[in-house]
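Structure, as C-alpha cells:
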Protein chains: 2
Amino acid sequence: MPRRVDHAQRRTEIGDALVRVAGRRGLHAVGMRDVAAEAGVSLRLVQYYFETKEKLLLYGLELLAERFGRRVSERLRAIEGGDGPGPRATIEALLMAALPVDAESRTFHHLYTSYAVLSVTDPALAAQPFISKPDAAEDAVAGLLQQARDADLLRPGVEPRLEAIGLLALSAGLGTAILVGQRGPEAATAVLRHGLDRIFRPQGPPPPSQATST
Amino acid sequence: MPRRVDHAQRRTEIGDALVRVAGRRGLHAVGMRDVAAEAGVSLRLVQYYFETKEKLLLYGLELLAERFGRRVSERLRAIEGGDGPGPRATIEALLMAALPVDAESRTFHHLYTSYAVLSVTDPALAAQPFISKPDAAEDAVAGLLQQARDADLLRPGVEPRLEAIGLLALSAGLGTAILVGQRGPEAATAVLRHGLDRIFRPQGPPPPSQATST
DNA sequence: GGTTTCGTGATACGAACGTACCATGATGAT
DNA sequence: ATCATCATGGTACGTTCGTATCACGAAACC
C-alpha cells in the first residue's frame with residue numbers, strides 16, 4: 001500500500017479550518033471550498049476525508065465541544081490546584097470560563113449557538129449528545145453545590161439541582177447577550193457574581209474596620 | 001392610476017409567510033421562492049414588495065419583535081387587569097410569556113435566536129434595535145423590582161437592575177434549553193420560580209396551621 | 001518488478017438561489 | 001377615449017454550491 005497518512009490528524013486540521021472560517025464569516029456562510037482554502041488543501045481533499053458536508057459539520061461540532069470541555073477543565077484545574085478555594089470560587093470560575101470574553105470563547109459561543117439553532121430543524125444535529133444531553137456541566141455544578149450545602153455554605157432553601165440548571169442557563173443567556181453586544185463582559189460577570197451571592201451565605205469577610213487581630 | 005393595493009398589508013402577508021416557513025424549516029433554509037409559495041403569490045411579487053432578500057429578512061425581524069411585544073403586553077394586561085397581583089406575579093407572568101412553550105413562542109425563540117446569530121457577522125442585522133438595544137423588557141422588570149423593593153417585598157441586598165438583567169438572561173437561557181429539547185417547560189418554570197424565590201422575601205402564606213387572625 | 005491501492009488534483013455537472021428583464025391586464029386621470 | 005402607471009406573471013441569467021467523475025503519482029506488498 002502507498003504512503004499512509006494520519007487520517008485523524010488531517011480531519012482535525014480540516015475541522016479546525018472549518019471552525020476558523022465559520023467563526024469569522026458565520027456557519028451559514030461556510031462552504032466546502034472555503035474550508036478547503038482555509039486549510040490550504042484542495043476541495044477534493046475535504047471531500048476525501050469527509051465525504052459529505054453534513055459529516056464535516058458534525059465533526060466540527062464534536063471538535064468544538066471537545067475543545068471547550070478541555071478549556072473549562074484546564075481553567076478549573078488552574079483554580080483548584082494547590083489551595084482548593086472552595087465550591088463558590090470553583091463554580092464562579094467554571095461559569096466565567098463559559099462566558100465569551102476572548103476570541104476563542106466567542107467563537108465557541110457563536111458556533112455552538114449556530115449549531116443549536118440548526119438542531120431545531122435538523123434531526124441529525126439534534127441527536128448529537130452536546131445538544132440533547134443533560135450536560136456534564138450540570139452534574140459538576142450540582143455536585144459542587146451539594147458539597148457547599150454539606151459544608152453549610154449555602155443559604156437555606158437552596159435546591160442544588162435547580163440552582164445548577166439555573167446558573168448554567170443564566171450563564172448561557174449572559175453569553176449570548178455578550179455575543180450580540182447587548183452587554184459588556186463586566187456587566188455579565190457582575191450579574192453572575194450577584195447571582196451566586198444569593199445562593200451562598202454571606203461569608204464573613206473578616207470585618208476590616210476594627211482590629212483584625214494583632 | 002390603476003388599482004391601488006395596500007402595500008403595508010401585502011408586506012405583512014408576505015412577512016408572515018416568511019415567519020411561518022422559516023419557523024418550519026429554519027431561517028437558513030428559506031428562499032424567496034419558498035416565501036412566495038407560502039404566501040400564495042408569485043416570486044415576482046415578493047421581489048416587488050421587498051426588493052431584495054435582505055430587506056425581506058429585516059422586515060421579518062421587525063414583524064417578529066412587534067408580534068412578541070404585543071404578545072407579552074397582552075399577557076401582562078390579562079394578569080394585571082382587575083386586582084393587580086403585585087410585582088412578583090407580574091414579573092413571573094412576563095418571564096413565563098417569554099418561554100417557548102407553545103408553537104407561537106417556539107417560533108419566536110427559534111427565529112429570534114437565528115437572527116441573533118446572524119447579527120454576529122452581519123452589520124445590518126446587528127444595527128437593528130431588537131438586537132442591540134438595552135431592551136425595554138429590562139426596564140420593565142427593573143421597574144417592577146424597584147416597586148417591590150419600595151414595598152419591602154425583596155430580600156435585603158437585592159439590586160433591581162442587576163436582578164432584572166439576570167432574570168432576563170436566565171429566561172433567555174432557559175428558553176433555548178427548552179427549544180433544543182434539553183429541558184422540559186416544567187423544569188424551566190420550576191427553575192424560574194425558584195430564582196424568584198431567592199429575590200423576593202419568603203412571603204407569609206398565611207400560616208394555615210394556627211389561627212389566621214380571629 | 002509489477003500491481004494494487006492510497007492520496008491528491010482538476011474539473012464537470014445538475015440544482016438552487018437571488019436578481020433582472022420583459023410583457024400585459026387593469027385602472028384612474030385627462 | 002386615451003394614456004400613463006400600478007400590480008402582477010413568466011422567465012431567463014449568472015453564480016455558487018455540493019457532489020461526482022476522471023486521472024495520475026507514489027509507495028507498499030507479492
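Since the structure is predicted, the reported quantities are computational estimates derived from the model, not experimental observations.
In this structure, Gln47(A) atom CD and dC17(D) atom C1' are separated by 11 Å, rounded to whole Å. What separates NE2 of His7(B) from P of dT5(D) is a distance of 15 Å, to the nearest Å. Distance CZ (Phe50(B)) to C1' (dG18(C)): 16 Å, rounded to an integer number of Å. In this entry the distance linking CD of Glu51(B) with C1' of dC21(C) reads 15 Å, nearest Å. Asp6(B) places its CG atom 10 Å from the P atom of dA7(D), with the value rounded to the nearest Å. Nucleotide dT19(D) holds its C1' atom 15 Å from the CG atom of Leu45(A), rounded to whole Å.
Ranking dT8(C), dA20(C), dC6(D) by closeness to the Tyr48(B) side chain, first place goes to dC6(D). For Leu43(A), the listed nucleotide lying nearest its side chain is dT11(C); candidates were dT11(C), dG7(C), dT8(C).
Rounded to the nearest 0.5 Å, atoms CG (Leu18(A)) and CG (Leu56(A)) are 5.0 Å apart. Atom CZ of Arg149(B) is separated from atom CG of Leu153(B) by 12.0 Å, given to the nearest 0.5 angstrom. The OH atom of Tyr112(A) sits 9.0 Å away from atom CG of Leu64(A), with the distance rounded to the nearest 0.5 Å.
A heavy atom closer than 4.0 Å to some atom of DNA chain D occurs in Val30(A), Gly31(A), Met32(A), Arg33(A), these being the qualifying members of residues 24-42 of chain A. Listed by residue number, there are no residues of residues 53-63 of chain B with a heavy-atom contact under 4.0 Å to DNA chain D.
The backbone N or O of Gly166(A) lies less than 3.5 Å from no partner atom in the side chain of His194(B), so there is not a single donor-acceptor pair.
Taking all atoms of both residues into account, the shortest heavy-atom contact from Val30(B) to Ala22(B) is CG2-N, 4.4 Å. Contact detail for Arg106(B) and Ile178(B): the closest heavy-atom pair is NH1-O, 3.8 Å. For the residue pair Arg10(A) and Leu45(A), the shortest heavy atom distance occurs at NE-CD1, 4.1 Å.
Cation-pi contact between Arg71(B) and Phe108(B): absent, since separation from the ring centre below 6.0 Å together with deviation from the ring axis within 45° is not met. Geometrically, Arg155(B) does not engage Phe200(B) in a cation-pi contact, judged by NZ or CZ lying under 6.0 Å from the ring centre and within 45° of the ring axis.
Residue contacts shown for Tyr49(B) are limited to sugar-phosphate atoms, with no base heavy atom under 4.0 Å away.
With hydrogens and angles ignored, no donor-acceptor pair under 3.5 angstrom links the side chain of Arg44(B) to the base of dT19(C).
Taking side-chain N and O atoms only, Thr52(B) has a distance below 4.0 Å to OP1 or OP2 of dT19(C).
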